[in-house]
Amino acid sequence: MIDTDPLVLLNDTLEHCIPITRAMGITADSYDGNRLRLSAPASPNLNDKQTAFAGSSYSIAALCGWSLLFVKLVEREIDADIAVYKGEINYIKPAIGDFYALCATPEPEIIEDFFDALATRKKAKIALSVVVYDVESPVVNFTGKYLVRISHQVMR
C-alpha cells in the first residue's frame, strides 16, 4: 500500500490537474472506503436565479464518479487514466446554497469484475451513480459511464 492518504492525493490532483475544480471551489471532503463526497460552495456556482448553475451540478457529479475511481485505483496502487464517456443527468430541483455530491462503490462483485477486466485487458468500463444534494435534499441524479486504461501498474 502506498503511504499517501487517497483523499489527500485526490485533493492535490483536483487542485493541480483539473482547473475547473479551483474555479468551482470543489474539494473532496470525505471518503470512508465506500462512499466519496465532493463539496462546492454556492457563490462561484450561481446562475441568474441565485441557484446552482446546471453545469456546476453536472460537473461535480461527473467529477465525483471520476474521483471515486481515482481513490479506488490509488488503494490498489494502479496508475491509470480515467475518462467519463457518457453521462446521463436528471435535474430534480434547483440547488439552493452550498451543494455536495456522493458516489458509493458499486456492489463487491461489480467492482471486482471491473478490476479483473482492468487487469486482464488493461482497460475496463464501469457505470457509477452519483447524487447531488443541497442543504435540504437531493437535486440531481447522475449516472456516468467511465473508461479506465492502465498507464502502468506500480505494485500489487
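Along the sequence shown, residues carry numbers from 1.
Summarising the geometry of Gly87 relative to Tyr58, their closest heavy-atom pair is CA-OH, 3.5 Å, with the distance given to 0.1 Å. Between Ala42 and Asp98, the closest heavy-atom pair is N-OD1, 2.9 Å. Contact between Pro44 and Ala23 at its shortest, heavy atoms only, is CB-O, 3.4 Å.
The same ILVMFWY cluster, assembled from side-chain heavy atoms under 4.5 Å apart, contains both Ile60 and Ile20. Under the 4.5 Å side-chain heavy-atom criterion for Ile, Leu, Val, Met, Phe, Trp and Tyr, Ile110 and Leu68 are members of the same hydrophobic cluster. Using a 4.5 Å cut-off between side-chain heavy atoms of Ile, Leu, Val, Met, Phe, Trp and Tyr, with links allowed through other members, Leu102 and Val139 fall into different hydrophobic clusters. The hydrophobic cluster containing Val71 does not contain Val131, counting ILVMFWY residues as joined when their side-chain heavy atoms lie under 4.5 angstrom apart, directly or transitively.
With a 6.0 Å radius and a threshold of 12 heavy atoms from other residues, nucleotides or ligands, Arg22 has its CZ atom above the threshold. More than 12 non-hydrogen atoms from other residues, nucleotides or ligands lie less than 6.0 angstrom from CD1 of Ile92.
Contact check for Val140 versus Phe99: no side-chain heavy atoms found under the 4.5 Å cut-off.
Checking Leu128, Leu69, Asn34 one by one against Cys103, the side chain to side chain contact (heavy atoms under 4.5 Å, CB included) holds for a single residue, Leu128.
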Using side-chain contact (heavy atoms from CB on, under 4.5 Å), reason through Leu36 and Leu10 one step at a time and then give a plain yes or no. CA-CA 11 Å; Leu36 183 120; Leu10 173 59; 3.7 Å; yes

side-chain contact (heavy atoms from CB on, under 4.5 Å) assessment of Val135 paired with Tyr100: CA-CA 9 Å; Val135 293; Tyr100 62 94; over 6 Å; no

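With sequence neighbours excluded, no residue forms a side chain to side chain donor-acceptor pair (under 3.5 Å) with Ser57. Checked against side-chain contact (heavy atoms from CB on, under 4.5 Å), Ala83 has no partners two or more places apart in sequence or in another chain. Partners of Glu107 by salt bridge (charged side-chain N to carboxylate O under 4.0 Å, His left out), not counting sequence neighbours: none found. Applying the side chain to side chain donor-acceptor pair (under 3.5 Å) criterion to Asn11, with sequence neighbours excluded, gives no partner residue. Among residues two or more places apart in sequence or in another chain, the salt bridge (charged side-chain N to carboxylate O under 4.0 Å, His left out) test is passed with Asp29 by Arg37. The side-chain contact (heavy atoms from CB on, under 4.5 Å) check on Thr51 picks up Asn47, Lys49, Pro94, Ile96, with sequence neighbours excluded. Considering only residues two or more places apart in sequence or on other chains, Glu15 meets the side chain to side chain donor-acceptor pair (under 3.5 Å) condition with none of them.
A distance of 7.5 Å separates CD1 in Ile18 from OG1 in Thr13, rounded to the nearest 0.5 Å. Here Leu63 contributes atom CG and Ser56 contributes atom OG; the two are 11.0 Å apart, rounded to the nearest 0.5 Å. Separation of atoms OG1 (Thr27) and CG (Leu38) is listed at 7.5 Å; rounding is to 0.5 Å. Rounded to the nearest 0.5 angstrom, Ser151 OG and Ile78 CD1 are separated by 11.0 Å. Atom CD1 of Ile26 and atom SG of Cys64 lie 9.5 Å apart (nearest 0.5 Å).
For residues 59-85, the pairs satisfying ring-ring contact (aromatic ring centres under 6.0 Å, His included) are Trp66-Phe70, with sequence neighbours left out. For residues 7-53, the set of pairs meeting the ring-ring contact (aromatic ring centres under 6.0 Å, His included) definition, not counting sequence neighbours, is empty. For residues 123-138, every residue pair satisfying the side-chain hydrogen bond (donor to acceptor under 3.5 Å, both in side chains) rule, not counting sequence neighbours, is listed here: Lys93-Asp134. Annotation: salt bridge (charged side-chain N to carboxylate O under 4.0 Å, His left out) contacts involving residues 60-73, sequence neighbours excluded, comprise Lys72-Glu75.
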Review item, side-chain donor-acceptor pairs of residues 141-148, under 3.5 Å, at least two apart:
residue	atom	partner	partner atom	Å
Tyr146	OH	Ala62	O	2.8

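The main-chain N or O of Ala54 is found under 3.5 Å from a side-chain atom of Tyr91 such that the two form a donor-acceptor pair.
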